[in-house]
Every structure is written in C-alpha cells, then in structure tokens.
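Only this structure's heavy atoms are used, side chains among them; waters, hydrogens and symmetry mates stay out.
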Amino acid sequence: MCAVSGGTRVALDAALGVGEDHVVNKDDLDELLIGRLCAEIDLPEPDPAAWREQITGVCVRMRDQYLRYPGISRAALAAAPINEDTLRLAEGMLAILLAGGISPQAAAWGIDARTLHVNAYTLEFSLRGRSGDEWVVDRDELLSRFSHLPDTFPQTKRYAAELTAGTDHERFDFTVELMLGGLARR
C-alpha cells in the first residue's frame with residue numbers, strides 16, 4: 001500500500017489509473033509518475049538522415065517534462081527503467097540511434113548517458129532557490145569569486161567569463177550535441 005491515508009490513496013490511485021495493488025510503496029509511485037511523464041513524449045519515426053535532430057528533440061522534451069515536476073529527477077536517477085512507458089521512450093531512442101548508424105553497444109550506452117544528463121540537469125535545476133542551498137550563486141557572484149582566487153588558479157581567473165557563460169538550456173544543448181558528436185565518431 002502507498003503510505004498515504006485511505007481516501008488520499010484512493011484518489012491518487014484513481015488519478016494514476018492504477019488499482020490498489022499496483023502502488024505498494026514510494027518507489028512504485030515514483031516509477032508510475034516517471035512513466036506518465038514519459039508517456040506524454042511523442043517519438044518520431046526513426047530517420048537516418050535526421051537522427052541527431054530527433055534524439056536531441058527527445059532529450060529536450062524529456063528535460064521539459066521533468067522540469068514541470070521539480071524533484072522527479074531525483075527519483076528518476078534511482079529508478080530502473082522497468083515501467084512500460086519508460087521502456088517505450090528508451091526503445092524509441094534506441095531505434096533512432098540505430099537508424100543513425102550507431103553501433104548497438106554505443107547506442108545503449110548513449111541512451112544511458114543522455115538519460116543521466118537529463119536527470120542531473122533537471123535535478124540541479126530543481127535544487128536552485130531552495131533555502132539552505134548556499135552553493136548555488138548567480139553569475140556575477142561567481143565572477144567575483146573567481147576574480148579573487150589566488151594566483152594558483154590562473155586558468156580559472158583568466159577564463160571566468162567562459163566558465164560562467166551561457167544560459168542553462170544553452171549548456172544543456174551543448175552537452176547533448178557533444179555526446180552526439182562522440183557517438184557519431186565511434
């Protein structure tokens with residue numbers, strides 16, 4: 001049983017469309033929620049000529065889904081992909097990479113790397129602004145801190161602007177593209 005009151009659990013089960021014996025604990029609930037988010041992601045028909053754009057689009061849609069529900073990425077990092085909706089997403093990503101000529105092993109690990117990247121990115125994003133998270137500072141503060149570092153950090157001081165440049169989504173897109181380039185070269 002889910003660890004909530006009887007009336008709340010019944011409403012939750014009804015909202016998720018599951019019976020009482022499907023949601024046994026928090027892990028089951030997390031798995032269902034992640035699956036529901038994945039179910040809303042449309043997958044394109046794999047196209048060998050457009051595989052990079054297709055896999056990037058899936059990653060962006062996954063990122064946006066996870067950002068809608070702060071904290072879900074924490075559960076996603078710990079969950080094994082056994083929900084059919086989650087597996088459908090992995091299957092679609094695998095089909096796209098294979099259509100792009102990526103070897104099966106590289107495609108499998110590429111999916112894992114992309115999923116970890118989406119989860120880590122959305123987890124970091126969800127942690128911002130929470131009280132007590134003093135390690136999260138804005139760009140101006142980082143630039144100031146880098147400029148006051150001792151001379152034993154010459155590269156960090158010199159390239160502080162580059163280290164702190166870009167919007168969050170620009171950095172996300174860069175990493176996805178970086179991973180795609182690595183896959184294409186394998």
Side-chain angles (χ1 to χ4, degrees), residues 3 26-27 29-31 33-38 40-41 50-81 83 86 89-90 92-94 96-97 100 102-103 105-186:
K26 184 180 179 313
D27 292 337
L29 180 59
D30 288 343
E31 184 181 321
L33 291 172
I34 294 163
R36 293 298 162 107
L37 293 177
C38 290
E40 295 178 16
I41 297 172
W51 71 273
R52 285 177 178 251
E53 295 81 12
Q54 288 180 324
I55 203 73
T56 298
V58 172
C59 290
V60 166
R61 288 188 294 280
M62 189 173 165
R63 175 201 68 200
D64 293 346
Q65 281 292 87
Y66 282 21
L67 288 176
R68 288 178 45 211
Y69 299 95
I72 197 67
S73 54
R74 182 183 309 248
L77 280 166
N83 177 286
T86 307
L89 187 62
M93 292 171 73
L94 183 59
I96 291 167
L97 293 177
I102 305 303
S103 74
Q105 186 63 74
W109 288 352
I111 291 168
D112 186 46
R114 267 167 198 60
T115 303
L116 286 172
H117 173 60
V118 170
N119 290 338
Y121 175 85
T122 56
L123 177 60
E124 179 185 25
F125 203 89
S126 74
L127 293 174
R128 292 186 184 163
R130 290 179 20 185
S131 61
D133 288 337
E134 296 175 12
W135 59 270
V136 178
V137 295
D138 66 18
R139 182 171 191 239
D140 291 337
E141 176 65 22
L142 276 176
L143 287 170
S144 175
R145 289 182 185 191
F146 288 167
S147 71
H148 292 94
L149 285 170
D151 289 339
T152 54
F153 298 95
Q155 304 308 321
T156 302
K157 288 175 75 168
R158 181 175 181 184
Y159 297 107
E162 289 82 1
L163 289 167
T164 59
T167 66
D168 293 325
H169 287 351
E170 286 174 333
R171 289 171 163 280
F172 177 89
D173 294 343
F174 172 82
T175 304
V176 169
E177 196 55 41
L178 185 67
M179 287 190 287
L180 287 175
L183 276 177
R185 285 189 296 276
R186 287 190 62 91

Rounded to the nearest 0.5 Å, the OG1 atom of Thr115 sits from the CG atom of Leu89 at a distance of 7.0 Å
Measuring only between side-chain heavy atoms, which start at C-beta, is Phe146 closer than 4.5 Å to Leu163? yes
So CD of Glu170 and OG1 of Thr175: to nearest 0.5 Å the spacing works out to 12.0 Å
CG (Leu178) and CG (Leu183) are apart, to the nearest 0.5 Å, by 10.5 Å
Item checked: Parallel, tilted or perpendicular: rings of His169 and Phe125 (30°, 60°) -> parallel
* Between Leu143 and Arg139, does a side-chain contact (heavy atoms from CB on, under 4.5 Å) hold up when you go through it step by step? -> CA-CA 6 Å; Leu143 287 170; Arg139 182 171 191 239; 4.1 Å; yes
Smallest heavy-atom separation, Leu97 atom then Ala107 atom, equals CD1-O, 3.6 Å
Heavy-atom closest pair (Ala184 atom, Trp51 atom, distance to 0.1 Å) is CB-CZ2, 4.2 Å
Step by step, would you call Lys157 with Asp151 a side-chain contact (heavy atoms from CB on, under 4.5 Å)? CA-CA 8 Å; Lys157 288 175 75 168; Asp151 289 339; 3.1 Å; yes
Next on the checklist: Do Met179 and Ile55 have side chains that approach each other closer than 4.5 Å (heavy atoms only, starting at C-beta)?
Outcome noted: no
CG of Leu180 to CD1 of Ile102, rounded to nearest 0.5 Å, is 8.0 Å
Query raised in the report: Is the number of heavy atoms from other residues, nucleotides or ligands under 6.0 Å of Arg171 CZ greater than 12?
Result: yes
Table please: side-chain donor-acceptor pairs of residues 56-68 below 3.5 Å, with sequence neighbours left out.
from, atom 1, to, atom 2, distance (Å)
Thr56, OG1, Arg52, O, 2.8
Arg61, NE, Asp42, O, 3.4
Arg61, NH1, Gly57, O, 3.3
Arg61, NH2, Asp42, O, 3.1
Gln65, OE1, Arg68, NH1, 2.5
Gln65, NE2, Leu37, O, 3.0
Gln65, NE2, Glu40, OE1, 3.0
Arg68, NH1, Glu40, OE1, 3.0

Beyond-backbone contact of Asn83 with Ile34, side-chain heavy atoms, under 4.5 angstrom: no
